[in-house]
2 protein chains.
Amino acid sequence: MPPTVRRIPRPTAQRLSLYLREIQPLIALGQQTLSSRALGEKLGISSAQVRKDLAWVLQSKQTNEAGRSGVGYNCVKMHDSIRRVVGTNRRWSTALVGVGNIGRALLGYGGFVQDGFPITVILDADPRMAGKRIGGLVVQPMSALRKAIRTHRVTIGILAVPRSSAQAVATQLCDAGIQGILNFAPMRITVSKGVSVTNIDVSIALEQLSMDVSISNRSRLTGEGAV
Amino acid sequence: MPPTVRRIPRPTAQRLSLYLREIQPLIALGQQTLSSRALGEKLGISSAQVRKDLAWVLQSKQTNEAGRSGVGYNCVKMHDSIRRVVGTNRRWSTALVGVGNIGRALLGYGGFVQDGFPITVILDADPRMAGKRIGGLVVQPMSALRKAIRTHRVTIGILAVPRSSAQAVATQLCDAGIQGILNFAPMRITVSKGVSVTNIDVSIALEQLSMDVSISNRSRLTGEGAV
DNA sequence: GAATGTGAAAATATTCACAGCG
DNA sequence: CGCTGTGAATATTTTCACATTC
């Protein structure tokens, strides 16, 4: 066994999604190639960084020579390779739990299906919601959770319930064999071993923003040139 | 001038918000002190890391000795100190642009006011929405943007509009003198120099999650013990 | 000339480990 | 003792710089 197979660095993984966002419209426009410099400039990232990142996704398939010296990267090949690593080359069935405002906003945004994350099951704790049809799907009662997840081969749960029930639902999802949870509840949830969690927390995002603004204000005062 | 005043590291800044989340309920429970170890364990972070992070927020005010050897940190003092750095000790007036599903979800969640980010202005491009009262505030037309932001001393704009109008609205916000934008549109927006942007993009979050799940699956196969 | 791919160097971030306090 | 605060040691990430390819 070679020393260790070095996993993809977290910062790289985060940038890969950004790269996809930039490449997609270029492909739609018919652009053939894109240089690391050009891609980096759009995102405020150095060209060397972009090349290092891409090395992670291109090295896997050695025949895939998306990058050519003096030319740049083939947009389509690069896009495909990144998608393979990100996982959006295949479909991840998702189950939406909670059809409040957040849930409805997610259903209203059709982009997920296109991005590889179709919502195939909708559940809600409110008995009055059960049976209602929203966006082509019938809302299931919570009692149907386990079976629905199994039969639809759902791998990702989208947790859009109030804070008070978030942990209980998360546990149910884990017990039903989910592999990942996208958590909109403004709290840390505890999950079974092997289950991944990504949080979307508006308050935390606002706090991050307020720190950035404070720093930006401070350096404006002291005259330091912030990027 | 001392070498350079070293800004707070990005990873530290991100963790500070998490610390606040953990400390808050403990204070409500009346807990007096908390050790770096205990705090770290809740979040899967080493105690040394927690102490280093807290050094950043406690050093500023030298009289504030929240941490005591053999005892731990005083919850209330620690909480206050972190809030001062994060910026939630003061109020950041925000303007919500777009009262679609996302906008309504944000209005429905009252937590922001408590967290220091009260929504004081609501705007929408749809003329039929203008004048309507939602959550105690009257929806303003876009033509009122500049004036409303100035008179209400709004520092942060919350962009909850469709992708197609996101850039235009972002530009308007910048022109009106906003300092930060929380962007819900699934695209990169370009802003004036000095304006900070934080993105909340569900597709990107899902992609991140799918990578985590893929990696988790892979190491389950190879038997590597992932955290 | 233009751009990739990549070792080596520099910068950042995390962990170790321990002196010193309460 | 238990726990903080912090230098020193590691580990990770980013940038540099350049040989190499088209």
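Lettering follows sequence order; numbering is per chain, from 1.
For the pair B:E41 CD and D:dC3 P, the interatomic distance rounds to 10 Å; values are reported in whole Å. Remark: P of D:dT12 and CZ of A:R6 are 6 Å apart, rounded to the nearest angstrom. What separates CG of B:L39 from P of D:dG5 is a distance of 13 Å, to the nearest Å. Rounded to an integer number of Å, the gap from A:K52 NZ to D:dT14 P is 10 Å. Nucleotide D:dT12 holds its P atom 11 Å from the CH2 atom of A:W56, rounded to whole Å. Computed from coordinates, the B:L54 CG to D:dT6 P distance equals 12 Å when rounded to whole Å. Computed from coordinates, the B:L58 CG to D:dT6 C1' distance equals 14 Å when rounded to whole Å. Between the CG atom of A:D53 and the P atom of D:dT12 there is a distance of 17 Å, given to the nearest Å.
Each of A:I45 and A:R68 was assigned the nucleotide of DNA chain D with the nearest heavy atom; the assignment lying further toward the 5' end belongs to A:I45. Position along DNA chain D of the nearest nucleotide to A:A48 versus A:S69 favours A:A48 as the more 5'-ward residue.
Proximity of B:R7 to A:I215: side-chain heavy atoms (C-beta onward) are separated by under 4.5 Å at one or more points. Residues B:V161 and B:I102 fail the side-chain proximity criterion, which asks for heavy atoms closer than 4.5 Å.
When heavy atoms are screened at a 4.0 angstrom cut-off, B:S36 is found touching the sugar-phosphate backbone but no base atom.
Donor-acceptor pairing under 3.5 Å is lacking for the side chains of A:T198 and B:Q208. Using modelled atom types, one finds no donor on one side chain facing an acceptor on the other under 3.5 Å when comparing B:S214 with B:R218. Donor-acceptor pairing under 3.5 Å is recorded for the side chains of A:Q167 and A:T171.
Applying the 4.0 Å criterion to OP1 and OP2 of D:dG5, one finds that B:Y73 has a side-chain N or O inside that range. Taking only side-chain nitrogens and oxygens, A:R51 never comes nearer than 4.0 Å to OP1 or OP2 of D:dC18.
Of the residues in residues 25-34 of chain A, none has a non-hydrogen atom less than 4.0 angstrom from any atom of DNA chain D.
Salt-bridge check for A:R21 with B:E207: passed, with a basic side-chain N closer than 4.0 Å to an acidic carboxylate O.
Taking the 5' to 3' direction, DNA chain C first and last meets chain A under 4.0 angstrom from a heavy atom at C:dA2 to C:dA8.
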